[in-house]
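Let me begin by presenting the structure, written as structure tokens, before commenting on it.
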Amino acid sequence: MAEIIDGKAEAAKVREETAAAVEAFRGEFGYAPGLATVLVGDDAASATYVRNKRRSCAKAGIESLHHELPGDVSQQEIVSLVEQLNERSDAHGILVQLPLPKGIDSRAVLNAISPDKDVDGLHPVSQGRLMAGEDGLRPCTPLGVMRLLDSIGTELKGARAVVVGRSLLVGKPVALLLLERHATVTLCHSRTEDLPGEVGRADIVVAAVGLPEFVQGEWIRDGSVVIDVGINRLEDGRLVGDVDFESCSQRASHITPVPGGVGPMTVAMLLSNTVTAARRLATR
Ligand code: NAP
């Protein structure tokens with residue numbers, strides 16, 4: 001039976017470390033790191049996510065600068081706000097909550113964020129820096145995945161890792177972060193032939209597919225580490241991941257639960273990225 005990787009506990013550690021880093025930063029520079037959040041429209045889920053992020057900032061001692069725009073705002077107005085935030089010396093990170101209302105090109109808005117303040121790590125420059133192995137801000141969920149692997153002392157060097165899903169948000173950056181740490185990485189997707197065979201060769205499986213309980217226990221190797229990035233709400237209201245937890249936990253050595261695995265790590269890494277961005281801006 002697999003050991004559960006406790007994402008809540010690890011996220012709490014990251015938050016504590018971040019709060020200490022904020023204190024040290026304040027002592028050194030005389031001001032706190034600041035995160036600007038931009039919420040467009042009245043999507044209830046987005047409003048909740050932003051509220052949680054702001055609350056988490058406050059707990060860690062990070063200043064939160066919040067901006068709300070109506071749902072019928074033009075793309076140019078959002079971009080103008082982002083450009084103002086790029087110039088503000090008290091905003092070290094900028095987060096535009098997705099999804100944006102229909103008709104707005106999210107890419108154009110995200111691309112307007114200064115890469116130095118891109119705490120979500122989704123700007124093409126941030127992605128290019130990751131690809132090139134250069135210093136830069138990395139996307140939060142992939143960082144959370146890496147931190148969870150490290151929390152249980154997973155040997156990454158030479159390990160065979162299979163990432164299922166190739167999105168810009170999760171799959172591709174996770175694959176690059178694993179590669180940077182010298183894992184041998186296979187990136188699978190909807191056109192992969194013999195997915196069970198690929199997964200079966202892995203020491204580490206990261207599932208970011210968006211299909212409830214998709215990865216089956218019979219696919220995975222005994223003793224592998226399984227990280228489930230998925231968040232799916234079933235019709236009966238249950239929240240499940242992209243991994244069939246029951247069957248996979250029979251074979252894995254370690255596994256993340258949903259909820260309580262990768263999910264809590266994302267906001268924790270956002271806070272940590274904000275301090276990283278502030279320090280880089282303060283010392284360049
Ligand atoms: P996405 O953009 O929809 O990407 C899904 C990926 O899965 C695509 O690359 C797709 O392949 C692949 N895929 C779909 N069906 C497949 C199949 N039958 N076999 C193999 N691969 C298949 O999703 P995402 O944004 O990466 O998110 C993935 C999951 O993570 C979702 O459940 C999401 O809710 C969750 N998530 C969680 C967090 C968190 O904080 N915990 C953050 C972000 C996302 P193609 O490219 O070929 O279409």
Side-chain angles (χ1 to χ4, degrees), residues 4-12 14-15 43 45-46 48-53 56 95-100 106-107 110 119-122 126-127 130 138-149 151 161-178 185-202 205-216 218-220 226-235 237-245 248 255-273:
I4 307 286
I5 306 173
D6 187 344
K8 266 194 196 164
E10 196 58 30
V14 174
R15 284 165 196 265
D43 181 69
S46 293
T48 306
Y49 293 142
V50 170
R51 202 176 313 120
N52 286 343
K53 288 169 186 173
S56 301
L95 180 138
V96 177
Q97 185 64 43
L98 300 179
L100 290 170
S106 303
R107 252 299 135 201
L110 294 181
V119 282
D120 254 346
L122 298 177
S126 302
Q127 292 175 338
L130 169 59
R138 312 302 194 214
C140 302
T141 302
L143 275 183
V145 168
M146 300 305 290
R147 172 85 188 212
L148 288 178
L149 287 169
S151 76
V162 166
V163 180
V164 191
R166 57 174 164 179
S167 71
L168 274 179
L169 188 62
V170 189
K172 279 182 192 165
V174 165
L176 287 168
L177 288 170
L178 286 163
V185 183
T186 305
L187 189 49
C188 298
H189 47 78
S190 65
R191 265 37 82 79
T192 295
E193 300 242 339
D194 187 22
L195 184 62
E198 296 294 346
V199 171
R201 281 185 282 279
V205 180
V206 180
V209 196
L211 295 173
E213 300 176 322
F214 177 68
V215 174
Q216 298 298 303
E218 64 207 35
W219 301 359
I220 69 162
V226 177
I227 306 287
D228 188 352
V229 182
I231 303 177
N232 308 284
R233 177 77 64 185
L234 299 182
E235 274 178 14
R238 272 189 311 133
L239 208 57
V240 298
D242 291 346
V243 163
D244 182 49
F245 183 85
C248 287
I255 189 167
T256 57
V258 176
V262 176
M265 297 300 292
T266 300
V267 176
M269 301 320 293
L270 171 72
L271 303 178
S272 161
N273 265 357

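First listed ligand is number 1; within each ligand, the first listed atom is number 1. Keep in mind that the numbers below use all heavy atoms, side chains included, and drop hydrogens, waters and symmetry copies.
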Could you tell me whether [X] approaches ligand 1 through its side chain, its backbone, both or neither, with non-hydrogen atoms closer than 4.0 Å?
{"X": "Asp242", "answer": "side chain"}
{"X": "Thr141", "answer": "side chain"}
{"X": "Thr266", "answer": "side chain"}
{"X": "Val229", "answer": "both"}

Separation between [atom1] of [X] and [atom2] of [Y], rounded to the nearest 0.5 Å:
{"X": "Met265", "Y": "Leu148", "atom1": "CE", "atom2": "CG", "value": "4.5 Å"}
{"X": "Leu169", "Y": "Thr266", "atom1": "CG", "atom2": "OG1", "value": "8.5 Å"}
{"X": "Glu10", "Y": "Met269", "atom1": "CD", "atom2": "CE", "value": "9.0 Å"}
{"X": "Asp120", "Y": "Asn273", "atom1": "CG", "atom2": "CG", "value": "8.5 Å"}
{"X": "Leu98", "Y": "Asp43", "atom1": "CG", "atom2": "CG", "value": "11.0 Å"}

Looking only at heavy atoms, what is the nearest atom pair of Val199 and Val205, with distance?
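Distance-wise, the nearest heavy atoms are CG1-CG2, 3.9 Å.
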Side-chain H-bond candidate by donor/acceptor type, Gln127 with Lys172, under 3.5 Å:
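Absent: no donor and acceptor within the cut-off.
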Within-cut-off N or O pair, Val164 and ligand 1, under 3.5 Å
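No; every N/O pair is 3.5 Å or more apart.
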Give the residue and atom name of whichever protein heavy atom lies nearest to [atom], and the separation in Å to one decimal.
{"atom": "atom 18 (N) of ligand 1", "result": "Phe214 CZ, 3.4 Å"}
{"atom": "atom 31 (C) of ligand 1", "result": "Gly210 CA, 3.6 Å"}
{"atom": "atom 47 (O) of ligand 1", "result": "Ser190 OG, 2.5 Å"}

If you take the nearest heavy atom of each of Arg166, Met269, Met265, Arg233, which one is closest to atom 9 (O) of ligand 1?
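Considering heavy atoms of Arg166, Met269, Met265, Arg233, the nearest to atom 9 (O) of ligand 1 sits in Arg166.
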Of Val209, Val170, Val145, which has the heavy atom at the shortest distance from atom 22 (C) of ligand 1?
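Nearest heavy atom to atom 22 (C) of ligand 1 lies in Val209.
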So is Gly171 close enough to ligand 1, meaning a heavy atom under 4.0 angstrom away?
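Contact absent.
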Can you sort out which atoms of ligand 1 are near [X], meaning under 4.0 Å from one of its heavy atoms?
{"X": "Leu211", "value": "15 (N), 18 (N)"}
{"X": "Leu169", "value": "25 (O), 43 (C)"}
{"X": "Gly263", "value": "41 (N)"}

